Amino acid sequence: MGIRHSNNPCSSLLLCFVVLLLLVSSCLGNSNVGVRCMESERQQLLDFKEGLMDPFGRLSSWVGLDCCKWQGVRCKNRTGHVTVLNLQNYHLGGTIKPSLLHLKHLTHLNLAENFFGGTQIPKFLGMLNNLRYLDLYSSGYGGEIPPHLGNFLVWLSGLSSLESLDLGRVDLYDVRGSWLKAVNMLPSLVRLYLEGCQLKSLDLTLPSLNLTSLEVLDLFDNPIKSPLPHWFSNLTNLQVLDLRSNNFYGSIPFWIGSLCKLRILRLNSNRLHGGIMGVFDRFSACQNNSLEILYLGGNYLVGSLPQSLGALRNLQELDLNTNFFWGSIPASIGNLSSLELLELSDNNFNGTIPESFGRLAKLSTVSLVSNQMEGVLTETHLANLTRLDAFRLTTYHNKSLVFNLKHDWVPPFRLTTLVLINCLIGPSFPVWLLVQTNLSYVIVSNAGISDIVEEEWFARLFSSCWFVDLSNNSITAKLPPRIYSEMLEKVDLSRNNFVGQIPLWETNATQLYLQRNSFSGSIPENIGELMPRLKTFFVSRNQISGRLPSSICKMMGLKFLSVSHNRLSGQLPYCWNKLRSLKVVDASNNSLSGEIPSSLTSLCHLILLMLGDNNLHGDIPFPPNSCRQVPLLYILQLRSNLLGGNIPEEICRLSNMRSLDLSNNHLIGSIPKCLYNFTALKYGNSSLDYEELFDLQDGTINEQTMLVGTKGRELEYSRTLLEVKNIDLSENNLIGEFPKGICRLAFLDTLNLSTNYLSGSIPDNIGDMRWLESLDLSVNKFSGPIPSSLSSLTLLNHLKLSYNNLSGRIPTGYQLQTLNDSSNYQGNPLLCGVPLLTRCPGDINSPPTPSSLGGSKDKLWLYLSIAMGYIVGFWGVCGTLVMKESWRQAYFRYVDELKEKLLLWIALTIARSRRMIEKGNN
């Protein structure tokens, strides 16, 4: 039956009346339309405003009769009563006046992100009985909860209607454990935020919590030291639990997995240990599992990931970084169809990545850095990752993980971040990498690539990236002659086969690593103008010729300069005094000539200065001290030049000196007697703080090398460069005596004064150098007896006293018994005793007695027994490892894992200690 139209006038009148009612209802429903705020409440707001400081004029709209239209104020639609006062991030200060108490209908008060001068929270806030929402986050209150109200419990008890409370960054240190009892009296509370409140403990004696409505509990960044309390299990409506950056310890209780309504669980950066299989099994048992975000990183959790992980089908973010998980990634991970972030870095994963990984179509960010993953990745692992934006994967140096992709395979993703270290990608440069046109951050290091790459690809790469690291490959390429990029910050092409000239880099880059390639030509004359922000410039071990351009001095922030092992010639620039931040200069092993600029040795923050193996001449310059503090210089290496003159007395100001090498020059005069002022060698202390050491170790020392003459040969140091403690003045024309003060340098491990014209006696207190390992005084004119204290140097394993005028009996005992090579003492005709054949006066040459023969036989049997035991023990273990490959691999894998676990534990301990110290300071 259809609807019939009527011409009845009553019907038309009724229709008009209905339309009018709808219009009136619409007008009334429109916020603040036709209703002004209450005049009494407007006056109270104006009075409240008078107590505030408003430097940015955010309350300038608080004029006129209708306060409901003022910025930050909202009123009830029908009555005009003020219900909401939202002044978040208004940069207000001053005083909160009690006029707010007259806003009887106020339900929402937000004073977050202002600064009220470190005063106490106003006591009257606890009297706003109708408040449902109170936000004081980072509001600058620095006092304790008002003492006028007795304690925190009394203050909160008046806010019985409160549903949301945010006291983030308010100092509640003095509240201690009472805060929990206080909030337990707020049965309507739904959201509780106590971020960074200096809470230290939880009341573990509470049988349960009354907060059955609680949905959000945020205790992020507090120093709470406690196991996870059992009463969390009563919070069955909990959706967000954030306990990050505390000191929670113990295992994660299984009942956490029974909180089936949890959407976000953050337990990262604590001290939790044990496995997680039971927790995941409980989560998987929930019929309607809601978990979307799970952060457990930065703990001490162990074990393999359970297959039940795949039951968390709503999971969007999984972060398990910096733990001790091992094994493979479970195949069930392919069931996490909503997963967008997977962070498993800094663990001990040593298995494979399953093919089901390729089913994670929503995956955007993957980080598997610092693990030991192995196996093969094929197109199946990557083919469906259409949203992949960031991919990070690093293993150990053995390249146990192989990318077995077709050379011309084109992936469905376009990455912005790519990190692949110690994975086998080569030998050819893959197409899937060439087509990544959106890259902004790329590291493909030690990937086994030994291919020729076109110049155009590098031009595109440098124009879009801010971080490029292709180091430790065998890439052969020629860079574009000119590179322009405003965003480029770091370039590392070291340890490859790049050829041609160094490009004209017009960038704001701060780090440029080109060492160990085959670059030729000269360093651009205007490099300092093209790259004024450069802090690290490494071009060592190339074939670069020409002069070191003076425009380098325009890099005002330059810290690390290494141009060693090239073909540079000419003089050094004379403008070093402009580079006040310079810490490392290495121009050794070139053909530099001229004098050493005095401005170079006067830099107060210089730590390493290495100019050895050049043709530099003149005196060693040491201008008057212009540093407010003691110069930092750790290593001064000027060996194998043509330097002359005396060793300047000013060198003794370098109390931080650890390695002084002036060998193989034409120095004259005597050794300064004040070298005992090298307090770093005297007491073994370091003036470098942690950050400076980290800066050097991470960015510089790992790429620096230095030859040190020690133990009769030259050793090359790199990573342990800062641990070298030596003085080498050999092969000069020095005269005078052995300064007794040197013997006070107890932490010196190598002393070489050989091939000079030194005379006098060897100091009797030489035995005070208790850490000395190598001593060479050969080819001098020393006379007198060898001090008996030499035998007390228990670490000494290299001794050369040959070709002097020493006399008397050679001391015996302790370490000298092992240094029985006669060549150590030859060329001293007046020496006698073992190990020389020359007998000392009074020695009796008597025939052996039967008892001595018997003793000799006993010693012979002793030595034979030791030898046989060594042979049996050595081949019983090592022989088995040599013959049985599987045992050998298992043994060395165990040793590697043990080493890496130890290093990881040390790194974590240091990082957490520093974090706790920083917390304490803040």
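What you see is a predicted model; the values in this text were computed from it and never measured.
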Given side chain to side chain contact (heavy atoms under 4.5 Å, CB included), test Val468 with Asp492 step by step and report yes or no.
CA-CA 6 Å; Val468 176; Asp492 189 348; over 6 Å; no
Passes side chain to side chain donor-acceptor pair (under 3.5 Å), Ser345 versus Glu343? Steps please.
CA-CA 6 Å; Ser345 297; Glu343 171 59 272; 2.6 Å; yes
With side chain to side chain donor-acceptor pair (under 3.5 Å) as the criterion, how do Thr395 and Ser400 come out once you've worked through the C-alpha distance, each side chain's angles and the decisive distance to 0.1 Å?
CA-CA 7 Å; Thr395 64; Ser400 56; 4.5 Å; no
Does Leu479 form a side chain to side chain contact (heavy atoms under 4.5 Å, CB included) with Phe519? I'd like the steps, not just the answer.
CA-CA 10 Å; Leu479 296 178; Phe519 287 108; 4.0 Å; yes
Evaluate side chain to side chain contact (heavy atoms under 4.5 Å, CB included) for Asp451 paired with Thr476, printing each intermediate quantity in order.
CA-CA 6 Å; Asp451 200 359; Thr476 300; over 6 Å; no
The test is side chain to side chain donor-acceptor pair (under 3.5 Å); show your working for Tyr513 and Gln511 and say whether it passes.
CA-CA 7 Å; Tyr513 298 90; Gln511 301 178 65; 3.1 Å; yes
Please report the C-alpha distance between Thr386 and Leu388 in whole Å, then the side-chain angles of each, then the deciding distance to 0.1 Å, and finally whether the side chain to side chain contact (heavy atoms under 4.5 Å, CB included) criterion is met.
CA-CA 6 Å; Thr386 55; Leu388 195 61; over 6 Å; no
Given side chain to side chain donor-acceptor pair (under 3.5 Å), test Arg359 with Asn335 step by step and report yes or no.
CA-CA 8 Å; Arg359 301 207 306 262; Asn335 297 331; 3.2 Å; yes
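Asp242 contributes atom CG, which lies 10.0 Å from atom CD1 of Ile293 (distance to the nearest 0.5 angstrom). To the nearest 0.5 Å, atom CZ of residue Arg244 and atom CG of residue Asp221 are 8.5 Å apart. For the atom pair CD of Glu317 and OH of Tyr295, the computed distance is 3.5 Å after rounding to the nearest 0.5 Å. Atom-to-atom distance recorded for Ser518:OG and Gln543:CD is 5.0 Å, nearest 0.5 angstrom. To the nearest 0.5 angstrom, Ser367 atom OG is 8.5 Å from Leu342 atom CG.
Just one residue in the list Val376, Leu393, Thr378 forms a side-chain contact (heavy atoms from CB on, under 4.5 Å) with Phe403, and that residue is Leu393.
In this structure the side chain of Tyr249 never reaches within 4.5 angstrom of the side chain of Asn270, judged on heavy atoms. Counting heavy atoms from C-beta on, the side chains of His273 and Asn299 never come closer than 4.5 Å. Annotation: side chain of Arg263 is not in contact with side chain of Leu291 (no heavy-atom distance under 4.5 Å). Looking only at side-chain heavy atoms (C-beta outward), Ile475 and Ile452 stay at 4.5 Å or farther from each other. Under the 4.5 Å side-chain criterion, counting only non-hydrogen atoms from C-beta, Ile425 is in contact with Val444. Inter-residue side-chain proximity for Trp432 and Leu405 is flagged as met; some heavy-atom pair is nearer than 4.5 Å. Proximity of Leu534 to Thr510: side-chain heavy atoms (C-beta onward) are nowhere separated by under 4.5 Å. In this structure the side chain of Leu294 reaches within 4.5 angstrom of the side chain of Phe280, judged on heavy atoms.
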Which pairs of donor and acceptor atoms, one on a side chain in residues 302-311, lie under 3.5 Å apart (sequence neighbours left out)?
from   : atom 1 : to     : atom 2 : distance (Å)
Gln307 : OE1    : Ser332 : N      : 3.3
Gln307 : OE1    : Ser332 : OG     : 3.2
Ser308 : OG     : Asp281 : OD1    : 2.7

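When all heavy atoms of Ser474 and Asn497 are compared, the pair lying nearest together is O-ND2, 3.6 Å. Of all the heavy atoms in Leu558 and Leu561, the pair that sits closest is CD2-CB, 4.2 Å. Looking at every heavy atom in both residues, Asn371 comes nearest to Asn348 through OD1-N, 3.4 Å. Residues Leu262 and Val240 come closest through the heavy atom pair CD2-N, 4.0 Å. Of all heavy-atom pairs spanning Lys535 and Gly557, the tightest one is CG-O, 3.4 Å. Shortest non-hydrogen contact noted between Asn517 and Leu514 is ND2-O, 3.1 Å.
Listed by chain and number, the residues in a ring pair (Phe, Tyr, Trp, His ring centres under 6.0 Å) with Phe537 amount to none (sequence neighbours excluded). Remark: Leu424 engages Lys399, Val402 in a side chain to side chain contact (heavy atoms under 4.5 Å, CB included) (not counting sequence neighbours). Not counting sequence neighbours, the partners of Asp319 by the side chain to side chain donor-acceptor pair (under 3.5 Å) test are Asn321. With sequence neighbours excluded, the residues forming a side chain to side chain contact (heavy atoms under 4.5 Å, CB included) with Asn590 are Asn566, Leu568, Leu592, Asn614, listed by chain and number. Annotation: side chain to side chain donor-acceptor pair (under 3.5 Å) contacts of Lys478 (sequence neighbours excluded): none. With sequence neighbours excluded, the residues that form a ring pair (Phe, Tyr, Trp, His ring centres under 6.0 Å) with Trp457 are Phe429. For Phe325, there are no ring pair (Phe, Tyr, Trp, His ring centres under 6.0 Å) partners at least two apart in sequence or on another chain.
Remark: aromatic rings of Trp466 and Tyr441 are close, center separation under 6.0 Å.
Between Glu506 and Arg482, at least one side-chain N (NZ, or NE/NH1/NH2) sits under 4.0 Å from a carboxylate O, which counts as a salt bridge. One finds no salt bridge joining Asp408 and Lys406 here, because no Lys/Arg side-chain nitrogen approaches an Asp/Glu carboxylate oxygen to under 4.0 Å.
Residue pairs meeting the disulfide bond (SG atoms under 2.5 Å apart) criterion with at least one partner in residues 271-312, sequence neighbours excluded, are Cys260-Cys286. The ring-ring contact (aromatic ring centres under 6.0 Å, His included) pairs that include a residue from residues 351-377 number zero, where partners must be two or more places apart or lie in different chains. Evaluation of the ring-ring contact (aromatic ring centres under 6.0 Å, His included) test over residues 477-506, restricted to residues two or more places apart or in two chains, returns Phe458-Phe498, Phe462-Trp505. Among pairs with a residue in residues 395-453, none fulfils disulfide bond (SG atoms under 2.5 Å apart), at least two apart in sequence or across chains.
A cation-pi arrangement is absent between Arg282 and Phe254 under the rule of less than 6.0 angstrom and at most 45 degrees off the ring axis.
Atom CD of Glu486 is surrounded by 12 or fewer heavy atoms from other residues, nucleotides or ligands within 6.0 Å. In Arg533, the CZ atom is not crowded: 12 or fewer heavy atoms of neighbouring residues, nucleotides or ligands sit closer than 6.0 Å. Other residues, nucleotides and ligands contribute over 12 non-hydrogen atoms within 6.0 Å of the CD atom of Glu379.
With 3.5 Å as the limit, one finds no donor-acceptor pair spanning the side chains of Ser522 and Ser545.
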